[in-house]
Undergrad: 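Dumping the structure here so I can ask a few things about it.
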Amino acid sequence: MTRFEILTIFPAFFTGFFAHGVVSRAQTRGLVEIGVRDLREFTHDRHRTVDDRPFGGGEGMVLKPEPLSEALEALGVKPLAERDPASSAPESVILLSAQGKPFTQAVARELAALNRVILICGRYEGVDERINDLYCDRELSIGDYVLSGGELAAAVVLDATMRLLPGVLGNEASSEFESFGAGDATIATDIEGVPRSQHGAGGLLDYPHYTRPAEFRGASVPDVLMGGDHAAVRAWRREQQLRKTLKNRPDLLQHADLSADDLRMLERVRKGLSAR
Ligand code: SAM
């Protein structure tokens, strides 16, 4: 079980997010615990001030270090310099920031292996950098764009990490069969309930999915999916994964877990595209 702690000046932001779907079910079933801390609870002035003007001048306000530091210490988080890695439980203190390292499925996997993940949501121009330096072992960005606050980013990190925890998705292995999932070699071969018509994604994007009706506005579901030939379905899906990855995210192919068959298929797809 992993515990997530979110530090924010807008705790109500998360109410709707926690009330639906996988996040809600995971909490009800005791597979994940989530705490939300209001930074204003850790202020001591009449106005419950959490921000102040930036030193050096310039636009906007900056989140003050004291409420964040108090909130972290209330959670038992010590400054990095005082932590003893040998005796402390596996956890991560994360600053959500547009200046952070990219948050990827690989990082989500690392976080899912920890006991506790603490997510600090910035606002305004950001968080006083001393909080990052003193307490945070990770600074993560969810993409190359600037959000108004870290709450959306925290929700993204929490959601992507939580669905990798054992038991959260209905099928133990289903996250491996999605975009960015692991390769076949790292997946147990006889997991109950796993449709054998699928491969581990091996770092590729997922294949396209279809449901009823078989005909929609003149567009048909590919014949192979209706034929009941599982080997043909599996081959078609793998080819589609390679096609989609080549088209939308060719960078992923460099590190994908590709078999000799995959490489041959990829070559065919590439030739087919260049012949057009
Ligand atoms: N001045 C900052 C900059 O240019 O990098 C932007 C601050 S932004 C308006 C306010 C807060 O939103 C940040 O402190 C951070 O917590 C969050 N944020 C914005 N973009 C983000 C991103 N791409 N990933 C994660 N958090 C982000």
Side-chain angles (χ1 to χ4, degrees), residues 2-18 22-23 32 34-43 47-75 77 79-80 91-112 114 116-164 179-180 248-249 251-252:
T2 300
R3 185 167 173 85
F4 293 88
E5 296 285 358
I6 301 174
L7 274 48
T8 172
I9 61 168
F10 293 125
F13 175 94
F14 295 93
T15 313
F17 169 56
F18 293 158
V22 178
V23 185
V32 66
I34 305 173
V36 182
R37 314 281 150 176
D38 182 351
L39 284 176
R40 292 191 197 278
E41 303 283 328
F42 300 92
T43 56
H47 301 292
R48 307 174 89 200
T49 309
V50 288
D51 59 331
D52 207 337
R53 290 190 307 275
F55 276 122
E59 293 301 305
M61 302 294 271
V62 177
L63 284 185
K64 287 163 66 62
E66 302 97 317
L68 276 160
S69 153
E70 260 193 53
L72 287 166
E73 306 253 349
L75 292 171
V77 176
L80 288 166
E91 64 177 26
S92 187
V93 181
I94 300 171
L95 177 65
L96 282 322
S97 158
Q99 302 141 42
K101 292 188 176 162
F103 175 65
T104 61
Q105 190 78 356
V107 177
R109 275 193 212 106
E110 285 173 23
L111 299 182
L114 304 177
R116 190 163 72 150
V117 176
I118 296 163
L119 299 161
I120 300 174
C121 307
R123 275 275 156 179
Y124 316 122
E125 286 309 311
V127 171
D128 186 296
E129 191 66 17
R130 287 166 292 184
I131 289 297
N132 194 14
D133 295 341
L134 285 170
Y135 290 98
C136 298
D137 51 274
R138 282 182 171 87
E139 181 178 8
L140 291 181
S141 163
I142 63 160
D144 291 348
Y145 37 76
V146 178
L147 302 164
S148 311
E151 288 75 13
L152 268 175
V156 166
V157 170
L158 188 152
D159 189 293
T161 304
M162 176 217 53
R163 62 203 310 287
L164 299 176
S179 297
F180 319 110
N248 292 342
R249 292 292 306 277
D251 56 302
L252 292 177

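Just so you know, these numbers come straight off a predicted model, no measurement behind them. Ligands are counted one by one from 1 in listed order, and the atoms in each one are counted from 1 as well.
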Undergrad: In plain terms, say whether Arg40 and Asp38 are close enough for a salt bridge, that is, a side-chain N and a carboxylate O under 4.0 Å apart.
TA: no

Undergrad: Let me have the donor-acceptor pairs involving side chains of residues 53-63, under 3.5 Å, with sequence neighbours excluded, atom names and distances please.
TA:
none

Undergrad: Counting only heavy atoms from other residues, nucleotides and ligands, does the tally under 6.0 Å from CZ of Arg130 exceed 12?
TA: no

Undergrad: More than 12 heavy atoms of other residues, nucleotides or ligands under 6.0 Å from CG of Asp144: yes or no?
TA: no

Undergrad: So which residues, sorted by chain and number, lie with a heavy atom under 4.0 Å of ligand 1?
TA: Leu96, Ser97, Ala98, Gln99, Gly122, Arg123, Tyr124, Glu125, Gly126, Leu140, Ser141, Ile142, Gly143, Tyr145, Val146, Leu147, Ser148, Gly149, Gly150, Ala153

Undergrad: Going by ring-ring contact (aromatic ring centres under 6.0 Å, His included), name the residues that satisfy it together with Phe42, two or more places apart in sequence or in a different chain.
TA: none

Undergrad: Holding to side chain to side chain contact (heavy atoms under 4.5 Å, CB included), I want the full list of residues that pass it with Phe17, two or more places apart in sequence or in another chain.
TA: Phe14, Val23, Ala155, Leu158, Asp159

